[in-house]
Every structure is written in structure tokens, then in C-alpha cells.
Amino acid sequence: MEGIEHRMVTVNGINMHVAEKGEGPVVLFLHGFPELWYSWRHQIIALAALGYRAVAPDLRGYGDTDAPPSHTTYTAFHIVGDLIALIDALGQEQVFVVGHDWGAIIAWYLSMFRPERVKALVNLSFAFRPRHPERKPIQTLRAIFGDDYYICRFQEPGVAEAEFACVNTAKLLSTFLTYRNPGPFVMPKGSLEDLDDKQVTLPSWLSEEDISYYASKFEKTGFTGGINYYRALDLNWELSAAWTGMKLKVPVKFIIGDLDLTYHTPGVQDYIHKGGFKKDVPFLEDVVVMEGVGHFINQEKPEEITTHIYNFIKKF
């Protein structure tokens, strides 16, 4: 991580930790759950070497960035507000954006609310999902996956946190980050109780040092900040009603692994490949499905992802 600089920036009423390296056009990297700026470590180094200024914040609620306690302060409007203030603080009119998981969701919202600030977007693992005016998200997820689906289990404040607190943080993060089952992630009550006794074999792309870094931050902050994004899902649905049916008019490249659990959500593959995605995102230029790759695609295949990002953004 040599040469990556760290600083705090005041944005939208909170203090945000930012990691950055390089000079040139800005590429803003947005991480997911349960991650940090660190998820982009490979891309930061590589794109800085290719002539870009790579900027990766810890998003609101994560790492060294402030974590307001209430989920009502984690709506898409709050997070996009943080990012607009960050882009302003960087002295930029427009930036390239790269998002993964929740970072991808936020990137879709950023491109919807403030498209003039996004030069081009590369999103990983989470395709755009248009707002359905008659289906609230949590109710829909319960109907499809049941009450033990992780997002449903995350809804009641304090419950998931209490279960996570009973498990070694490094072991918990190792389990999450190495998850490769393309089926829905269910978390029945008590399912984590014997996790400490289970052996987790780390893949070649994830080291003990990586896990230790993640764990050191989550041991300090806990998981409430990250979980609050899920608790604000219905609130996002209510607040974004005015954007129902809106087309996203920024240039987009989308990349996903064929073992990613989000790729196997009912209806997603048809949406991505049979015209729905392109209809809602008319400037969608490319969809890449990487074979044998799981959810944490930017860490599992860092060189390939960097190449995909570079080959797309260098055109603009």
C-alpha cells in the first residue's frame, strides 16, 4: 500500500476518510458491505500508475469515516450528498465512478440524481434495478426469500449486531468475503454460534493481512453503519418516487461473476441479457460476465477488473 495517502475531508456534516494516489483524471471508487476503501487497494495502485488520480473513501458508517447511529441518515440522498461534497472538495466538475455491491447501488443513485457529475461509470456485481411503484423492497424480499434472508434479518436494529458480536470478527469477515454459494444468503437465528469452530481457508487473493486490516476497523466501529444501508431500503424506495421510470443517461460498463449471488436473484439474468437493462440504462455499452468468479470480484480478479476499468474510461 506504499504511496497511498490518507486524509479526512468534511462532507455533508460528517468527517470522511479518503485514501488516494496518483495525478490525473479522478476515478472515484465506492466499496460495498462488509468492506472499506481497502477493497480497492489493487485498483488504486494500478490506475495511479496508468495516469489517474484514484480516490477511495470509507463510505458513511465505515472505517474511519463518521457513523451516525440512525438508519434514517443512511438514505441514498445522504450518501450521494456525501459524494457530491467529496467531488467538490476534490475540485472536480466530473469524475469517473467505479462501484461494487452497495457502492454500485449508490453509484446508480448518483448517476440518477446528478448525472452531470459522472463522466462514465463502471459498476460491479449489482445491476441497476428500476424502482417498482407497487413493491416495497423488504416486503418483496420476504415474499421471495423468507424471513431468514440476510437483508430481512438485518432489519431490526441491534439484532444482527448482537449476533455478530458473539463471533470473532476476523472469522466472520473471512466467512463473508469467501462466500461463493450463488444461492440466496440466509442467516437463520443462531446460525453463527459455531462459526468460531469452523475452519475458513482463505483463497490466494485474500491474505491474513487483508483480513486483519478489515477486522481492525470493524472491531472499532461495529457493523451498524454498514447494516444501516439495508435498513434504509424501504426509505429509499419512498423518497425516490419522483425518479420512477427515469433512464440513466451516463456511459456504463457492467461486470459480474457467474458465481455472484446477485446474478442468481430471480429475474436478474433475464433483465441483464434480454433488453431490460439496456432500456433503463440506454448508454450501457458493455456487460461482462466473468466465469468462475464470486461476489468480491474486484479483489478476486484485480488485474482483470483494472484492465476492464482502464479500457472503458480511457475512451472518455
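What you see is a predicted model, and the numbers here were worked out from it, not measured in a lab.
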Looking only at heavy atoms, which two atoms of [X] and [Y] are closest? And how far apart?
X    : Y    : answer
I84  : L110 : CD1-CD1, 3.7 Å
P251 : K119 : CD-O, 3.6 Å
L261 : N181 : CB-O, 4.0 Å
P282 : K247 : CD-CB, 3.9 Å
R53  : G22  : CG-O, 3.5 Å
P68  : N228 : O-ND2, 4.0 Å

Flag the pair [X] / [Y] as yes when their ring centroid distance falls below 6.0 Å, and as no otherwise.
X    : Y    : answer
W102 : Y230 : yes
F312 : F96  : no
F254 : F128 : no

Please answer: with hydrophobic residues joined when any side-chain heavy atoms are less than 4.5 Å apart, are [X] and [Y] in the same cluster?
X    : Y    : result
F164 : I151 : yes
W40  : Y310 : yes
V98  : V289 : yes
L121 : V287 : yes
V26  : M8   : no

So does [Y] get a backbone contact from the side chain of [X], meaning a donor-acceptor N/O pair under 3.5 Å?
X    : Y    : answer
T178 : L202 : no
R129 : V268 : no
S111 : L248 : no
N12  : H78  : yes
Q139 : R135 : no
D58  : L36  : no
T65  : H17  : yes
K171 : K198 : yes
W108 : F126 : yes
D258 : G292 : yes

Give me the ring orientation class for [X] and [Y]: parallel if the planes are under 30° apart, tilted from 30 to 60°, perpendicular past 60°.
X    : Y    : result
Y149 : F145 : parallel
F33  : F176 : tilted
Y229 : Y62  : tilted

Is [X] salt-bridged to [Y], cutoff N-O under 4.0 Å?
X    : Y    : answer
E161 : R231 : yes
E219 : K217 : no
K136 : E238 : yes
D147 : R153 : no
D88  : R117 : yes

Would you call [X] and [Y] a side-chain contact if the rule is heavy atoms closer than 4.5 Å?
X    : Y    : value
L83  : V97  : no
D280 : Y271 : yes
R41  : D210 : yes

Might you confirm whether atom [atom1] of [X] has over 12 heavy atoms from other residues, nucleotides or ligands at distances under 6.0 Å?
X    : atom1 : value
K314 : NZ    : yes
E209 : CD    : no
K274 : NZ    : no

Go through the steps to decide whether H295 and E300 satisfy the test side-chain contact (heavy atoms from CB on, under 4.5 Å), and finish with yes or no. CA-CA 9 Å; H295 181 65; E300 184 176 347; over 6 Å; no
Reference residue Q299; test side chain to side chain donor-acceptor pair (under 3.5 Å); the match among E35, H42, H100: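 For Q299, the side chain to side chain donor-acceptor pair (under 3.5 Å) check succeeds only for E35.
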To the nearest 0.5 Å, how far apart are [atom1] in [X] and [atom2] in [Y]?
X    : Y    : atom1 : atom2 : result
I272 : L284 : CD1   : CG    : 9.5 Å
E303 : T306 : CD    : OG1   : 7.5 Å
N236 : I105 : CG    : CD1   : 9.0 Å

For side-chain contact (heavy atoms from CB on, under 4.5 Å), just list the numbers for R60 and T73, CA-CA rounded to whole Å, side-chain angles, deciding distance to a tenth of an Å, and then say yes or no. CA-CA 9 Å; R60 174 183 291 239; T73 58; 3.9 Å; yes
Go through D82 and L59 one step at a time and tell me if the side-chain contact (heavy atoms from CB on, under 4.5 Å) criterion holds. CA-CA 8 Å; D82 297 345; L59 293 176; over 6 Å; no
Checking ring-ring contact (aromatic ring centres under 6.0 Å, His included) between Y38 and each of Y213, F218, F296, which is the one that passes? Y213
For W243 and Y109: C-alpha separation, side-chain torsions, deciding distance, then whether side-chain contact (heavy atoms from CB on, under 4.5 Å) applies. CA-CA 10 Å; W243 285 265; Y109 277 117; over 6 Å; no
Any chance the side chains of T169 and Y214 put a donor and an acceptor closer than 3.5 Å?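 Side chains of T169 and Y214: no pair found under 3.5 Å.
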